[in-house]
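See below for the structure under consideration.
Predicted model only: the values in this text are computed from it and were never measured.
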There are 2 protein chains.
Amino acid sequence: MLSVIEILADCRLFTAVPAKSFQRLAAMARLAKFRKGQMIFRENEDCPGVYVVGKGMVRVFKTGAGGKEHVLHIVEAGGTFAEVAALGGFKVPASAEAVEATLCALLPQPLFRKALEEDHPLCLGMLSGLSLWVKHLVGLLEDVVLRDAAGRIANYLLDARRTADGAVALPSLKRYVASHLNLTSETFSRTFRRLIDAGLISIGKKNHVLIVAPERLRSVAQGILPKV
Amino acid sequence: MLSVIEILADCRLFTAVPAKSFQRLAAMARLAKFRKGQMIFRENEDCPGVYVVGKGMVRVFKTGAGGKEHVLHIVEAGGTFAEVAALGGFKVPASAEAVEATLCALLPQPLFRKALEEDHPLCLGMLSGLSLWVKHLVGLLEDVVLRDAAGRIANYLLDARRTADGAVALPSLKRYVASHLNLTSETFSRTFRRLIDAGLISIGKKNHVLIVAPERLRSVAQGILPKV
DNA sequence: TCCGAATCTTGATCTGGATCAATTGCGGCA
DNA sequence: TGCCGCAATTGATCCAGATCAAGATTCGGA
């Protein structure tokens, strides 16, 4: 079982946080466990604090009219969510659900804000963490607006974290990846197939994707559609 | 002619910044003037610093394959742009152009970062400013992904700042509003007309829009399409 | 090992908004 | 006042991706 210290130490958002501030965070954190499929919070609830994922996977999504969902973010070990609402002190703007059994460290909102107010290096670290998150969001927006289906998938694959053998591991359900890219799973499946048939990628074991032709994939991501 | 002090004082991002820190910002700022149509910077250039608009209008946009543009943000007096790149220290992720003759205060990047490092209250103020910006971006994303054309326009009108008489003043060119909502100007025009015909809004003098039926407009924004 | 349920794939059809193509309207200027 | 040029409107058509509808796989559990 992971400890809060281990979880926090493994989190990108806090890499820039000096040891002393880190101690303080570790002291306030408590563990939060979620079953597969369990809702962590719903849109518009009060923000419990900053969640840091230690193990498992969480999807953060907005729900629109008619129950249509859009996955804003798929958070795996080392990632955080609800940071923004915790910082700004407003209601959470989206819902979060554990996609698999998940273990998080939770930094409770009031303590966390107090720490920020008193701890300047922590504050700085969070600023640069947040600016990365903004950059990511702008990237997402760019994706949805300026790229077609193939471009979005290509871009996603190129940006995704690789496993040791250079493959991309898709998060559990393809459906969630599709929603993240604002595609239906049908369109995702079809477009994926086209990329395979065109020889740009190939499928390995257990949801692992090999990038066969990175250059060509890159040009697809830039909007040059694959001919066939 | 506006002074840097006046410009900064009128800026939302710095409302939470205490007087002393404010002085420091004012001291480092310099004025930057742009002609109508002038490019301020282009995607991927080094970030000159934080721009605060005092007068005029700036559009911040990304360019995709085939020259297609998407307006991320229309910045008017009191708004800022390039803050994120300045904070994070990376290249600007989008281009900026003055839509009309524009006067900005520029907080040069190295001085600004130095101030952040030394000034904790400033840092805190920026954190809450940034978190609002993230919220805005998530809203944008939600818009593009979960709403149809009418819903986006309705939502835009409801969120926009009102003039004294309760009307919404559209930024100079409708075309830019359309792009901001990820619509072509043709679709924007048509959908706008439908909202007028349905009696939800009406057009006043000089690009001013009156919201006739706020309730019904709100339900359109939530995805209940106007029947006719 | 086998079963059942959920996910994924594949095919056929539909549609919102884009694109292409004229007009029409308006603001600035001599 | 009348012309010029850009922006907005309006109409006709097109298309990427959604939706609807079956099958084919995959995987957890007994």
Side-chain angles (χ1 to χ4, degrees), chain A residues 35-37 57 59 64-71 99-101 143-154 170-197 201 203-209 220 223-228, chain B residues 36-37 57 59 64-71 99-101 143-154 170-197 201 203-209 220 223-227:
Chain A
R35 296 183 309 282
K36 174 172 174 166
M57 183 179 301
R59 75 186 176 106
K68 185 183 171 187
E69 291 181 355
H70 178 240
V71 176
V99 171
E100 5 179 296
D143 239 40
V144 168
V145 158
L146 299 173
R147 280 188 239 271
D148 65 4
R152 274 176 251 170
I153 294 180
L170 294 180
S172 55
L173 295 191
K174 287 211 175 111
R175 187 214 302 169
Y176 294 140
V177 181
S179 165
H180 183 52
L181 300 174
N182 194 33
L183 298 170
T184 56
S185 49
E186 292 96 324
T187 300
F188 181 84
S189 179
R190 273 187 261 270
T191 310
F192 207 72
R193 151 104 2 215
R194 273 199 291 131
L195 291 177
I196 293 172
D197 290 348
I201 58 179
I203 203 86
K205 295 255 146 145
K206 200 176 177 293
N207 268 1
H208 280 204
V209 179
V220 171
I224 295 101
L225 308 177
K227 283 290 129 50
V228 180
Chain B
K36 174 173 172 165
M57 184 180 298
R59 74 186 178 104
K68 186 183 171 188
E69 291 181 355
H70 177 242
V71 176
V99 171
E100 4 178 299
D143 239 41
V144 169
V145 158
L146 300 173
R147 281 190 239 269
D148 64 4
R152 273 176 253 171
I153 294 180
L170 294 180
S172 55
L173 295 191
K174 287 212 176 101
R175 188 212 302 170
Y176 293 141
V177 181
S179 164
H180 183 51
L181 300 174
N182 194 34
L183 298 170
T184 57
S185 48
E186 292 95 326
T187 300
F188 182 83
S189 179
R190 273 187 261 268
T191 310
F192 208 71
R193 150 102 6 209
R194 273 200 290 131
L195 291 178
I196 293 172
D197 290 347
I201 58 178
I203 202 88
K205 295 254 146 148
K206 200 175 176 294
N207 267 1
H208 279 207
V209 180
V220 171
I224 296 102
L225 308 178
K227 285 286 129 54

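- A close approach under 4.0 Å does not occur between any side-chain nitrogen or oxygen of A/Arg190 and OP1 or OP2 of C/dT9.
- For the pair B/His70 and A/Leu146, the tightest heavy-atom approach, listed with the atom from each and the gap, is CB-CD2, 3.9 Å.
- A/Thr191 contributes no side-chain N or O that, together with a main-chain N or O of A/Ala149, makes up a donor-acceptor pair within less than 3.5 Å.
- Axis angle, first five pairs versus last five pairs of the helix from C/dT9-D/dA22 to C/dA30-D/dT1: 40°, rounded to 10°.
- The backbone N or O of B/Leu181 lies less than 3.5 Å from a partner atom in the side chain of B/Arg152, making a donor-acceptor pair.
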Full working for side chain to side chain contact (heavy atoms under 4.5 Å, CB included) between A/Arg59 and A/Glu69: CA-CA 11 Å; A/Arg59 75 186 176 106; A/Glu69 291 181 355; 3.0 Å; yes
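- Contact of the B/Leu183 side chain with the B/Ile153 side chain is registered, since non-hydrogen atoms from C-beta on lie closer than 4.5 Å.
- Considering every non-hydrogen atom in both A/Ser185 and A/Ala178, the closest pair reads CA-CB, 3.9 Å.
- Contact of the A/Met57 side chain with the A/Lys36 side chain is not registered, since no non-hydrogen atoms from C-beta on lie closer than 4.5 Å.
- Counting all heavy atoms, side chain and backbone alike, A/Ile203 lies closest to A/Phe192 at CD1-CE2, 3.8 Å.
- Here the C1' atom of nucleotide C/dG17 and the CD1 atom of B/Ile153 are 12 Å apart, to the nearest Å.
- Ionic pairing of A/Glu100 and A/Arg35 is not present here: no N-O contact between side-chain nitrogen and carboxylate oxygen is shorter than 4.0 angstrom.
- Formation of a donor-acceptor pair under 3.5 Å by the A/Thr184 side chain with backbone atoms of A/Thr187 is found in this model.
- Across the protein-nucleic acid pair, A/Ile203 atom CD1 and C/dC8 atom C1' stand 11 Å apart, rounded to whole Å.
- Residue A/Ser189 has a polar side-chain atom (N or O) positioned under 4.0 Å from OP1 or OP2 of C/dT9.
- Using a 4.0 Å cutoff to heavy atoms of chain B, the contacted part of DNA chain D runs 5' to 3' from D/dA7 to D/dA12.
- Contacts between residues 173-186 of chain A and DNA chain C, defined by a heavy-atom separation below 4.0 Å, involve A/Leu173, A/Lys174, A/Arg175, A/Glu186, listed by number.
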